[in-house]
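Chain letters run A, B, ... following the sequence lines, proteins first and then strands; every chain starts at 1.
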There are 2 protein chains.
Amino acid sequence: MPEGRTGQGYGSESLLFLTDEQLRQGIEAMFFAYRGFTADPDRILAEMSYGRAHHRAIHFINRSPGTTVNNLLSILGVTKQSLNRVLRTLIGDGLVISKVGELDKRERHLYLTDQGQALEATLSDAQRARMRAAYKDAGPEAVQGFKTVLEAMMDADMRRAYAKLRD
Amino acid sequence: MPEGRTGQGYGSESLLFLTDEQLRQGIEAMFFAYRGFTADPDRILAEMSYGRAHHRAIHFINRSPGTTVNNLLSILGVTKQSLNRVLRTLIGDGLVISKVGELDKRERHLYLTDQGQALEATLSDAQRARMRAAYKDAGPEAVQGFKTVLEAMMDADMRRAYAKLRD
DNA sequence: TTGGAATGTCAACAACACTGACATAAACTG
DNA sequence: CAGTTTATGTCAGTGTTGTTGACATTCCAA
């Protein structure tokens, strides 16, 4: 099937891509790919006895400097107690600073310090390098499809958070 | 842009899709999508005080009945102590049986019991339903791109394991 | 001003990963 | 056969990350 992109080929494809076998391949691809996705940052984090939770917090604080704890909570989808433990160590280690809100003194606004930004850059560079290689391998059209499927896989509230970050 | 697939359009796309901003969107899409990917099984598992580790074991035992502990270890990428804790509970709860190998009596071959298969089906159905909806939303071409990028994101050994499962 | 909602912190606990050490049995090797 | 390697399982200890419960602070509205 060298020139197999016939009408028939496409027809069978659009019928077949929803079979359980096809779906299972997608499920397993997600499982393995996510391991690859986190492997590089994980290695760096392990050296400094941080984990993925720290990475996620750093990532989204960098993404939205001045964000509140509550806002971060809704993005990360964990309990405030869980996030708080991570933030406490990051603040204690001088990677993040927490400023009491001026309008609402209950709120804490979060910022990366220079040191925090340095770690963020290191982690991002590693993760982006793999992403860049994968994108380059796969090509622009595949990347478009990749994003389309991922977005379709999200819950409504995740899709909202994801869209909000792209503003 | 109905006929917008011009050389220029493509040119700018192939330049832009590797920008840091594009890559970051991909990274965040992976983060949110993976949450969606695991959300449905997680809910089911939580009711019976199992976790993702149990799901993964059940999935791959179902995928390759009679697989050995060692083989499972290389697929899951965890330590034997970690896997053993999970297998012990699954065997104890009657979802998995472990048979001493006939050729090599050191090996344990793993199988799902009827009860194990029932749980596997419940979990798979939930996860596939979301996957099916996402695939349907995105269309066959996007799905092809999705898989291409995911595979490009894997390490070599994961890609090997993934390919092996597709035989 | 009083009560409730929102925000954040501290303490304790469970799940699940890790390392290290060790035991057992079987297979392989010289 | 003796010694080594392989496959598996177990025990103990540790760390990250999630959970719930209890509590303090701040804001706002009745």
Side-chain angles (χ1 to χ4, degrees), chain A residues 31 34-35 38-39 41-61 66-93 95-110 123, chain B residues 31 34-35 38-39 41-59 61 66-93 96-111:
Chain A
F31 169 67
Y34 198 78
R35 274 239 300 274
T38 58
D42 279 355
R43 259 189 296 277
I44 296 167
L45 291 158
E47 292 173 13
M48 40 187 61
S49 62
Y50 285 151
R52 271 181 215 173
H54 301 85
H55 183 192
R56 290 195 284 262
I58 288 173
H59 175 97
F60 286 108
I61 293 171
T67 187
T68 62
V69 172
N70 224 18
N71 186 29
L72 206 49
L73 275 177
S74 70
I75 290 174
L76 296 176
V78 296
T79 58
K80 59 182 178 173
Q81 295 90 331
S82 192
L83 175 58
N84 188 258
R85 181 174 355 90
V86 169
L87 286 178
R88 208 178 343 176
T89 70
L90 290 176
I91 291 169
D93 292 351
L95 301 181
V96 167
I97 48 177
S98 154
K99 289 184 182 170
V100 173
E102 295 189 357
L103 277 104
D104 188 333
K105 291 179 187 167
R106 292 173 300 181
E107 295 179 339
R108 301 299 140 90
H109 298 272
L110 303 168
L123 294 170
Chain B
F31 170 67
Y34 198 77
R35 273 238 301 273
T38 58
D42 280 356
R43 260 189 295 277
I44 297 167
L45 291 158
E47 290 173 13
M48 39 188 63
S49 62
Y50 285 152
R52 269 181 216 174
H54 301 83
H55 183 191
R56 290 195 285 262
I58 287 172
H59 174 96
I61 293 172
T67 188
T68 62
V69 173
N70 232 8
N71 187 28
L72 205 50
L73 276 177
S74 71
I75 289 174
L76 296 175
V78 296
T79 58
K80 62 177 179 176
Q81 294 90 332
S82 196
L83 175 58
N84 189 256
R85 180 174 0 91
V86 169
L87 284 180
R88 211 182 328 175
T89 70
L90 290 175
I91 291 169
D93 293 351
V96 168
I97 47 175
S98 154
K99 288 185 185 169
V100 173
E102 295 190 359
L103 277 102
D104 188 333
K105 291 179 187 167
R106 292 172 304 179
E107 294 180 338
R108 301 299 142 87
H109 298 271
L110 303 168
Y111 302 85

Interatomic distance where [atom1] belongs to [X] and [atom2] belongs to [N] [whole Å]:
X	N	atom1	atom2	result
Tyr50(B)	dA17(C)	OH	P	15 Å
Glu107(A)	dA5(C)	CD	C1'	13 Å
Leu73(B)	dC18(C)	CG	P	10 Å
Asn70(A)	dG8(C)	CG	C1'	9 Å
Leu83(A)	dT9(C)	CG	P	9 Å
His55(B)	dA17(C)	NE2	C1'	19 Å
Met48(A)	dG15(D)	CE	P	17 Å
Leu76(A)	dT19(D)	CG	P	11 Å

Given [options], the nucleotide with the shortest approach to the side chain of [X]:
X	options	result
Val86(A)	dT17(D), dT8(D), dT7(C)	dT17(D)
Gln81(B)	dT19(C), dT20(D), dT9(C)	dT19(C)
Asp104(A)	dG9(D), dC27(D), dA17(C)	dC27(D)

Categorize [X] for me: base, sugar-phosphate, or nothing, with a 4.0 angstrom heavy-atom threshold over every strand shown.
X	result
Lys105(A)	sugar-phosphate
Leu72(B)	nothing
Ser49(B)	nothing
Arg85(A)	base

Is any side-chain heavy atom of [Y] closer than 4.5 Å to one of [X]?
X	Y	value
Leu123(A)	His59(A)	no
Ile58(A)	Leu90(A)	yes
Thr79(B)	Ser82(B)	yes

With a 4.0 Å limit, can you tell me whether [X] has a side-chain N or O closer than that to the phosphate oxygens OP1/OP2 of [N]?
X	N	answer
Thr79(A)	dG18(D)	no
Arg108(B)	dA7(D)	no
His54(A)	dT17(D)	yes
Asn84(B)	dT8(D)	no

DNA chain D: 5'-proximal contact among Arg88(B) and Lys80(A) (nearest heavy atom):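 This one resolves to Arg88(B).
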
Contact nearer the 5' end of DNA chain D, comparing Val69(B) with Val78(A):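 The answer here is Val69(B).
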
Do Arg108(A) and Thr68(A) get their side chains close enough for a donor-acceptor pair, meaning under 3.5 Å?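 No.
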
Just checking, is any N or O donor in the side chain of His54(A) or Thr89(A) under 3.5 Å from an acceptor N or O on the other one?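 Yes, Thr89(A) and His54(A) have a side-chain donor paired with an acceptor closer than 3.5 Å.
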
Measure the CG-CZ distance between Asn84(B) and Arg88(B) for me, rounded to the nearest 0.5 Å.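 Going from the CG atom of Asn84(B) to the CZ atom of Arg88(B) covers 5.0 Å.
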
With a 3.5 Å cut-off and just heavy-atom distances, do the side chain of Arg106(B) and the base of dT6(D) make a donor-acceptor pair?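 Under the 3.5 Å cut-off, the side chain and the base do form a donor-acceptor pair.
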
